[in-house]
Amino acid sequence: MEKTSPKIVVVVPTYDERTNLPVLVNLLMDLGLPDLHILVVDDNSPDGTGEVADKLSADTAGRVGVLHRKEKDGLGRAYVAGMTRALAEGADVVVQMDADLSHPASRLPVMIETLLAEDAAGDAAVVIGSRYVAGGSLATEWPWHRKVLSAWANLYVNAILRLRVEDATAGFKAWRASTLKAIDVSSVRSNGYSFQVEMNYRTVRRHLRIVEVPIRFEERVAGESKLGLSVQIESALAPWKLLFGRDSR
């Protein structure tokens, strides 16, 4: 019997990314990965990103799907909505990826291959595109204080939750559908960047294997970062809430 390719759905949350989104879609389509689909989750972007996504959907014969949400509700909520939709539509692999071109699309084939490879150490439950394993790096354009904040955040999260993940706050990941079901992604309540931490925490608590592959994390090409003070405060409190919260999923 001929082996069929896994259905891959790349979930891309957007808010004011009308310039970057078409570039990202073209980069992903040019990878030549069979049965690759893109699901744009747009939070009613005032710059018209949702309309751009609809045109991309029409131009790609539906390989780009669009989930329109009524308001800006945070990165975590967008990912939960997108991942839940991807699972309902039969995805075998779900990728989470930013629209700002900071995540190198060229590394996605390696991440997928690593995720699906048979390994003596056990199957990978999720593969992280990591800035902090050997071969990984940060954009040279990043100012020193952002690099320090990023490195400190990873040390902080690992010290509290003992994840043993080099890049615990990374947002470029390839998940097996079975992993997302096992960790009950639809029940994840963290928002902002703490969403990444809770997803890792749930995976580790189930003794599922996290694998990291190196990437070069780039500075966004257009638009502005959404990393505000409220997001930073939420992210700082999140590990403690996970550690002592009654919901230990």
Side-chain angles (χ1 to χ4, degrees), residues 8-29 36-60 62-89 91 94-103 105 108 129 153 169-175 180 183-200 202 217-238 241:
I8 303 167
V9 178
V10 183
V11 178
V12 182
T14 57
Y15 187 79
D16 285 356
E17 298 286 1
R18 65 172 296 131
T19 301
N20 291 327
L21 182 61
V23 178
L24 176 61
V25 167
N26 287 334
L27 288 172
L28 290 170
M29 292 297 184
L36 181 139
H37 303 260
I38 301 165
L39 177 58
V40 179
V41 184
D42 185 66
D43 280 6
N44 197 23
S45 298
D47 75 341
T49 301
E51 289 78 4
V52 171
D54 287 335
K55 185 177 186 306
L56 289 168
S57 180
D59 291 345
T60 59
R63 288 185 66 190
V64 175
V66 188
L67 176 56
H68 293 281
R69 303 203 308 159
K70 294 181 179 180
E71 60 185 2
K72 187 178 181 183
D73 193 27
L75 184 70
R77 304 271 53 78
Y79 268 129
V80 168
M83 289 175 164
T84 301
R85 168 74 69 86
L87 292 176
E89 295 180 350
V94 180
V95 177
Q96 56 177 97
M97 191 174 190
D98 289 349
D100 61 7
L101 306 180
S102 58
H103 297 152
L108 186 55
T169 61
F172 189 19
K173 300 176 183 174
W175 296 86
L180 294 177
I183 67 175
D184 191 14
V185 65
S186 63
S187 70
V188 172
R189 292 291 172 260
S190 294
N191 215 343
Y193 290 85
S194 59
F195 169 80
Q196 317 295 359
V197 176
E198 180 171 354
M199 294 286 281
N200 289 334
R202 290 188 177 210
F217 184 88
E218 299 290 352
E219 181 61 282
R220 72 162 35 248
V221 175
E224 298 180 356
S225 172
K226 283 80 173 178
L227 183 59
L229 179 60
S230 61
V231 173
Q232 294 180 50
I233 293 173
E234 179 196 4
S235 299
L237 295 175
K241 291 181 178 179

Heavy-atom side-chain contact between [X] and [Y] under 4.5 Å:
| X | Y | answer |
| --- | --- | --- |
| I183 | W175 | yes |
| E17 | D98 | no |
| F217 | H103 | yes |
| L28 | M97 | yes |
| V185 | Y79 | no |
| V188 | F195 | yes |
| I38 | L56 | no |

For this session: Given side-chain contact (heavy atoms from CB on, under 4.5 Å), test M29 with V64 step by step and report yes or no.
Result: CA-CA 10 Å; M29 292 297 184; V64 175; 3.9 Å; yes
Looking only at heavy atoms, which two atoms of [X] and [Y] are closest? And how far apart?
| X | Y | value |
| --- | --- | --- |
| L27 | A105 | CB-CB, 4.0 Å |
| V41 | V11 | CG2-CG1, 4.0 Å |
| A170 | G129 | CB-O, 3.9 Å |
| A78 | P13 | CB-CB, 3.8 Å |
| G82 | L39 | O-CD2, 3.4 Å |
| V10 | L36 | CG2-CD1, 4.2 Å |

Problem set entry | L180 and M199: CA distance, side-chain angles, deciding distance, side-chain contact (heavy atoms from CB on, under 4.5 Å) verdict | CA-CA 9 Å; L180 294 177; M199 294 286 281; 3.7 Å; yes
Not counting sequence neighbours, which residues clear salt bridge (charged side-chain N to carboxylate O under 4.0 Å, His left out) with [X]? List them please.
| X | result |
| --- | --- |
| D43 | R69 |
| R18 | none |
| E89 | R85 |
| D47 | none |

For this session: For N44, enumerate each residue passing the side-chain hydrogen bond (donor to acceptor under 3.5 Å, both in side chains) test, keeping only those at least two apart in sequence or located in another chain.
Result: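 For N44, no residue satisfies side-chain hydrogen bond (donor to acceptor under 3.5 Å, both in side chains) once neighbours in sequence are set aside.
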Inter-residue atom distance [X].[atom1] - [Y].[atom2], 0.5 Å rounding:
| X | Y | atom1 | atom2 | value |
| --- | --- | --- | --- | --- |
| L24 | S102 | CG | OG | 9.5 Å |
| L67 | T14 | CG | OG1 | 9.5 Å |
| Q96 | Q196 | CD | CD | 4.5 Å |
| S187 | R202 | OG | CZ | 3.5 Å |

For this session: Look at the side chain of D100 and the backbone N and O of N20, then say whether any donor-acceptor pair between them is shorter than 3.5 Å.
Result: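 No, D100 side chain to N20 backbone: no donor-acceptor pair under 3.5 Å.
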For this session: For T84 and V80, indicate whether the former's side chain and the latter's backbone hold a donor-acceptor pair under 3.5 Å.
Result: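 Present.
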Problem set entry | Pairs where residues 51-60 contributes a residue and the test salt bridge (charged side-chain N to carboxylate O under 4.0 Å, His left out) is met, not counting sequence neighbours |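 Matches after skipping sequence neighbours: K55-D59.
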